[in-house]
Amino acid sequence: ILYGTLNAYKNNIEAANNPNADINNFFTPDTLADIGFITYDLYKILIDNLIGDQTNLQENIIALSADAAGFFIPIATGLGTATKAVNKIDVVVDGAVKADDVVVKYNAPLSYLSYF
């Protein structure tokens, strides 16, 4: 798929310089995925922030902006999901610190292998 996508963009660039060429490779797999991600981001803004009263409007707008940028950047798909993952890293780090505190506090074994 990656080779096909790169080849499609290459063909579009070559075809743009040829007035007799038929440009029909716009909807490559990553472009279709970007359209899906953008649609999902719009849905999340509608459900979470316009109908619901959640406070994640900024996160949703950043994800929508990143996915819209990914639509125009070849092979950059899922940028909105990546921004949401980066925003959740602090939650993962906090969980790891709490798990480490439990291990230290209760002198718990680090793995089940320590029983054998």
If every non-hydrogen atom of [X] is compared with every non-hydrogen atom of [Y], which pair is closest and at what distance?
X	Y	value
G80	A66	N-CB, 3.8 Å
D30	I75	OD2-N, 2.9 Å
A33	T77	CB-CG2, 3.6 Å

Sidechain-backbone polar pair: D48 side chain, Q54 backbone, donor-acceptor under 3.5 Å: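 Not a single qualifying donor-acceptor pair exists.
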
Any donor-acceptor pair under 3.5 Å from D34 side chain to A68 backbone: no

D94, CG: over 12 other non-hydrogen atoms inside 6.0 angstrom: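 Yes - once you tally the heavy atoms of other residues, nucleotides and ligands closer than 6.0 Å, there are more than 12.
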
In the single-linkage hydrophobic clustering (I, L, V, M, F, W, Y; side-chain heavy atoms under 4.5 Å), do [X] and [Y] co-cluster?
X	Y	result
F71	I62	no
I73	F37	no
I47	L50	yes
L57	L42	yes
L79	I35	no

From CG (L64) to NZ (K44), nearest 0.5 Å: 13.5 Å

Nearest-0.5 Å distance, CG of residue N56 to CD1 of residue I61: 10.0 Å

Residue pair K84 / N60, side-chain heavy-atom distance below 4.5 Å: yes

Intermediate values then yes/no, side-chain contact (heavy atoms from CB on, under 4.5 Å), E59 and K88: CA-CA 11 Å; E59 178 182 330; K88 301 298 181 192; 3.9 Å; yes

